[in-house]
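What you see below is based on every heavy atom in this structure, not just the backbone, and it leaves out hydrogens, waters and symmetry mates.
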Amino acid sequence: MPRTGRAPRPPRRPWTTALAAAAAVLVGVPTVVALVVAGFAAHLVSTFDDRATTIDRAFPSELGRPPVDESGALTVLLLGTDSAGTSPTDAAPGVATPASRTDTVMLVRVPADRSEVVVLSVLRDSWVDVPGHGSAKINAAHAWGGVPLVVETVEALLGVRVDHVATVGFEGFAGMSEALGGVDVVSERSFSAGGHDFDAGVNHLAGDRALDFVRARAPFADADHQRARNQQAFVRGLVSGLLDRGTLSDPVAVSGFVGVATEHLAVDPGLTPRRLVEIGWGLRDLSPSGIRTATVSTAGGGVSDDGQSYVSLDPEGVRSLGDALRADEVGAWLDGRAVSAP
């Protein structure tokens, strides 16, 4: 699906200025401080508008899509693309080319009460039904039909509507980690990748070291399973770094992070700065311990008729996860998995 560029959008700066000024008046902050805050907010919005790419057609046709979740829960599909071994065009966010398979598929679920954030990984080699194409690895959907087909595939798999979608290039991980001065990531095991050594336990990652951590697959006997867990660990470390009081109070760090992140980001038209602020405000009490991660249940592997090695998903696990998503009980679903784990 060729990218047609950023669709024209109305100016968004006035609402940020009004919001910041009103908030400042309510808490008794001097007007000059209110203007500074408003100016910084406008700067961040301008950075987002200038650098982030809009996916002009991010969703499939409404016909047959799951209904809108009236509970207030939020479902965001996050797709990661890796340009290693591809051209810059192949790696452009939101673009479908024969080489543009998604390396990371994550469903980010925020319950209606905003008590936590659950990040659910779907292994890239998961064998699923891709609408209009039959059984295939889930990462083939992007090459065949771009972001809309990936959304349609995930919605068909789990029976839940995707509210927003974003794609990010892996190179952005390096820049985002550097903008935060590095992030602390807990690795389950020791391994080496890309000329870097990683210890079991806490690792301080930035730049290429962070990129090699999230890319690593070959060092592990369980390959993409461990790769997904490493990516989940990186997401937890990144969010913890963002939530740190020192980061939030440092305009240079916040501005640098937003600038780097948006250079590698593509979002659906509805994921505007205002929408992001609404989501962020709802999660204002979130702590690092409120970030939970899991991988959609698997059941071994197989080989397709044309010789592709794939990962089989556990039908019962997928069914129960879909039920939990629709009932807004993913936290309880995770708790149940923890209890039943050996």
Side-chain angles (χ1 to χ4, degrees), residues 60 64 66 77-82 84-86 90 96-109 118-160 162 167 170 188-189 191 193 214-233 293-326 330 333-334 336-338 340-342:
L77 181 63
L78 178 62
L79 306 175
T81 57
D82 192 352
T86 65
D90 294 334
T97 72
S100 61
R101 297 189 175 217
T102 48
D103 284 274
T104 299
V105 179
M106 289 181 171
L107 202 67
V108 181
R109 178 70 170 194
V118 179
V119 181
L120 300 163
S121 296
V122 184
L123 297 186
R124 66 177 186 173
D125 290 341
S126 297
W127 197 249
V128 300
D129 179 62
V130 178
H133 296 271
S135 297
K137 295 179 182 180
I138 194 169
N139 69 344
H142 191 264
W144 286 333
V147 171
L149 186 56
V150 183
V151 171
E152 188 176 5
T153 300
V154 171
E155 290 184 339
L157 176 68
L158 296 171
V160 65
V162 172
T167 70
F170 272 25
E188 291 183 342
R189 59 184 70 181
F191 67 96
V214 298
R215 274 179 172 162
R217 181 175 184 267
F220 313 118
D222 55 356
D224 275 335
H225 292 266
Q226 184 61 49
R227 186 173 186 259
R229 291 193 291 269
N230 285 353
Q231 291 172 354
Q232 293 166 357
T293 58
T295 300
V296 175
S297 304
T298 60
V303 178
S304 66
D305 292 340
D306 59 357
Q308 297 182 68
S309 297
Y310 60 80
V311 174
S312 298
L313 295 180
D314 172 29
E316 176 57 27
V318 171
R319 184 201 61 75
S320 65
L321 172 57
D323 290 344
L325 285 165
R326 290 186 293 276
V330 179
W333 180 82
L334 284 174
R337 280 184 47 151
S340 63

Measure the [atom1]-[atom2] distance between [X] and [Y] for me, rounded to the nearest 0.5 Å.
X    : Y    : atom1 : atom2 : result
L123 : R227 : CG    : CZ    : 10.0 Å
L79  : M106 : CG    : CE    : 10.5 Å
T153 : W144 : OG1   : CH2   : 9.0 Å
T295 : Q226 : OG1   : CD    : 9.5 Å

A side-chain contact here means heavy atoms from C-beta on lying under 4.5 Å apart; do [X] and [Y] qualify?
X    : Y    : value
L107 : V154 : yes
L158 : V318 : yes
V147 : T167 : yes
I138 : V130 : no
R124 : V105 : no
F220 : R189 : yes
P60  : L149 : no
W333 : L120 : yes

What heavy-atom pair brings [X] and [Y] nearest, and what distance separates the two atoms?
X    : Y    : result
V311 : H225 : CG1-NE2, 4.5 Å
P131 : D129 : CD-O, 3.4 Å
T102 : N139 : O-CB, 3.0 Å
G302 : S312 : N-OG, 4.5 Å
Q231 : V214 : NE2-O, 3.0 Å
Y310 : S304 : CE2-N, 3.5 Å

Excluding sequence neighbours, so at least two apart, what forms salt bridge (Lys or Arg N to Asp or Glu O under 4.0 Å) with E152?
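So E152 forms no salt bridge (Lys or Arg N to Asp or Glu O under 4.0 Å) with any residue.
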Residues at least two apart in sequence or cross-chain that pass salt bridge (Lys or Arg N to Asp or Glu O under 4.0 Å) with D314, listed by chain then number, are none
Could you tell me whether a side-chain N or O of K137 sits under 3.5 Å from a main-chain N or O of S309, the two making a donor and an acceptor?
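Answer holds: yes.
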CG (D305) with more than 12 external heavy atoms under 6.0 Å:
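No - once you tally the heavy atoms of other residues, nucleotides and ligands closer than 6.0 Å, there are 12 at most.
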Mind running salt bridge (charged side-chain N to carboxylate O under 4.0 Å, His left out) on R215 and D103 for me, showing each step along the way?
CA-CA 9 Å; R215 274 179 172 162; D103 284 274; over 6 Å; no
Is a donor from one side chain sitting under 3.5 angstrom from an acceptor on the other, for R229 and Q232?
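Their side chains do not contain a donor-acceptor pair, so the 3.5 Å distance test is not met.
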Criterion side chain to side chain contact (heavy atoms under 4.5 Å, CB included) against R109, the qualifying member of V160, L321, V119
V160
Decide yes or no on salt bridge (charged side-chain N to carboxylate O under 4.0 Å, His left out) for R217 and D125, but give the supporting numbers first.
CA-CA 13 Å; R217 181 175 184 267; D125 290 341; 3.5 Å; yes
